[in-house]
Participant: 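Pasting a structure below so you can have a look.
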Amino acid sequence: QMRLAESGGGLVQPGGSLRLSCAASGASLDDYAIGWFRQAPGKEREGISCISMRDFNTAYADSVKGRFTISRDNAKNTIYLQMNNLKPEDTAVYYCAPRAVVLPCSMVLVSTHLGNWGQGTQVTVSW
């Protein structure tokens with residue numbers, strides 16, 4: 001059974017960068033699509049990025065497109081989310097979650113109802 005652990009969050013000033021990690025264990029990433037999601041205080045959880053292990057397609061929410069990049073390190077069985085030009089509105093708890101590999105990334109981004117959340121990692125963008 002796939003288990004994911006998020007890390008890399010922290011406090012950063014607007015315009016700064018962070019790289020989040022999503023370390024997988026218990027199963028190979030090859031059998032999944034992996035989505036990054038976030039939940040800001042008082043807001044619903046939203047999907048922001050996805051990478052499909054089937055065809056390596058990626059997808060991004062409009063709010064992060066051009067600033068965030070999702071990638072995979074096969075040797076470390078880890079998914080990364082490089083976040084650049086961070087804004088205060090990016091403040092949230094960030095989660096990664098596995099989804100069935102047959103699910104296209106466009107569907108992964110709207111799959112918050114499928115749950116399977118870890119503990120998440122807090123990202124705070126502030127002066």
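Computation of the quantities below employed the complete heavy-atom set of this structure, encompassing side-chain atoms and omitting hydrogens, waters and symmetry-equivalent molecules. In what follows, residues are counted from 1 in the order of the sequence shown.
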Participant: Which value, rounded to the nearest 0.5 Å, describes the distance between Cys22 atom SG and Asp73 atom CG?
Facilitator: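 Rounded to the nearest 0.5 Å, the SG-CG separation comes out at 12.5 Å.
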
Participant: Are the side chains of Val108 and Trp36 in contact, using a 4.5 Å heavy-atom criterion?
Facilitator: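 Counting from C-beta outward, Trp36 and Val108 never come under 4.5 Å.
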
Participant: Answer yes or no: is there a donor N or O on one side and an acceptor on the other, between the side chain of Arg99 and the main chain of Gly35, under 3.5 Å?
Facilitator: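 The answer is no, because no donor-acceptor pair under 3.5 Å joins these two groups.
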
Participant: Using the rule that Ile, Leu, Val, Met, Phe, Trp and Tyr join whenever any side-chain heavy atoms are under 4.5 Å apart, tell me whether Ile70 and Met53 fall into a single cluster.
Facilitator: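 Result: yes, single cluster for both.
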
Participant: Looking at OG of Ser7 and OH of Tyr94, how far apart are the two atoms once the value is rounded to the nearest 0.5 Å?
Facilitator: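 OH of Tyr94 is found 14.5 Å from OG of Ser7.
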
Participant: When you measure from the centre of the six-membered ring of Phe37, is the NZ or CZ of Arg45 closer than 6.0 Å and no more than 45° off the axis?
Facilitator: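 No.
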
Participant: On a heavy-atom basis, which atom in Asn84 and which in Gln82 lie closest, and how many Å separate them?
Facilitator: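 Reported closest heavy-atom pair: OD1-NE2, 2.9 Å.
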
Participant: On a heavy-atom basis, which atom in Met83 and which in Leu20 lie closest, and how many Å separate them?
Facilitator: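 Shortest heavy-atom separation between Met83 and Leu20 comes out as CE-CG, 3.7 Å.
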
Participant: Is any side-chain heavy atom of Tyr60 less than 4.5 Å from a side-chain heavy atom of Leu109?
Facilitator: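 A side-chain contact is absent here, since even the closest heavy-atom pair is not under 4.5 Å.
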
Participant: Considering only heavy atoms from C-beta outward, does the side chain of Asp31 approach that of Val101 to under 4.5 Å?
Facilitator: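 No, their side chains stay 4.5 Å or more apart.
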
Participant: Side-chain contact, heavy-atom cut-off 4.5 Å: Pro98 with Ile34?
Facilitator: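 Sidechains of Ile34 and Pro98: in contact.
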
Participant: Looking only at heavy atoms, which two atoms of Ser52 and Cys105 are closest? And how far apart?
Facilitator: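 Where Ser52 meets Cys105 most closely, the heavy atoms are N-SG, 3.7 Å.
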
Participant: How long is the span from the CZ atom in Phe68 to the CG atom in Leu86, to the nearest 0.5 Å?
Facilitator: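 If we round to the nearest 0.5 Å, Phe68:CZ and Leu86:CG are 5.0 Å apart.
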
Participant: Nearest 0.5 Å please: distance from the CD atom of Glu46 over to the CD atom of Glu44.
Facilitator: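 One finds 10.0 Å between CD of Glu46 and CD of Glu44.
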
Participant: Please check if the side chain of Ser21 supplies one atom and the backbone of Ala23 the other of a donor-acceptor pair under 3.5 Å.
Facilitator: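 No: the side chain of Ser21 does not pair with the backbone of Ala23.
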
Participant: Does the side chain of Ile51 reach to within under 4.5 Å of the side chain of Tyr80, using non-hydrogen atoms?
Facilitator: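 No, too far: nothing below the 4.5 Å cut-off.
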
Participant: Is the closest side-chain heavy-atom distance between Leu114 and Met107 below 4.5 Å?
Facilitator: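 Leu114 vs Met107: side chains apart.
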
Participant: Enter the distance from Thr121:OG1 to Leu18:CG here, rounded to the nearest 0.5 Å.
Facilitator: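 It is 8.5 Å, given to the nearest 0.5 Å.
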
Participant: Is there a donor-acceptor contact under 3.5 Å from the side chain of Ser25 to the main chain of Leu4?
Facilitator: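 Checking the backbone N and O of Leu4 against the side chain of Ser25, no donor-acceptor pair under 3.5 Å is found.
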
Participant: Rounded to the nearest 0.5 Å, what separation is found between the CZ atom of Arg67 and the NZ atom of Lys87?
Facilitator: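 Taking CZ in Arg67 and NZ in Lys87, the distance rounds to 4.5 Å.
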
Participant: Any side-chain to backbone donor/acceptor pair from Tyr95 onto Asn116? Under 3.5 Å, distance only.
Facilitator: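 No; zero donor-acceptor contacts below 3.5 Å.
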
Participant: Below 4.0 angstrom, N of the basic side chain to O of the carboxylate: do Lys65 and Asp62 qualify?
Facilitator: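 Judged by the 4.0 Å cut-off on N to carboxylate O distance, Lys65 and Asp62 do form a salt bridge.
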
Participant: To check you understand the geometry: which heavy-atom pair defines the closest contact between Arg38 and Ala92, and what is its length?
Facilitator: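 Scanning both residues completely, I find the closest heavy atoms to be CB-CB, 3.8 Å.
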
Participant: What I'd like to find out is whether the side chain of Leu11 reaches to under 4.5 Å of the side chain of Ser126, using heavy atoms alone.
Facilitator: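 The answer is yes; the side chains approach within 4.5 Å.
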
Participant: Is any side-chain heavy atom of Thr91 closer than 4.5 Å to one of Gln122?
Facilitator: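 The answer is yes; the side chains approach within 4.5 Å.
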
Participant: Could you tell me whether the side chain of Glu6 and the main chain of Cys96 form a donor-acceptor pair under 3.5 Å?
Facilitator: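 Present.
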
Participant: Could you tell me which non-hydrogen atom of Ile48 sits nearest to which non-hydrogen atom of Val64, and how far apart they are?
Facilitator: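 Closest approach of Ile48 to Val64, heavy atoms only: O-CG2, 3.4 Å.
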
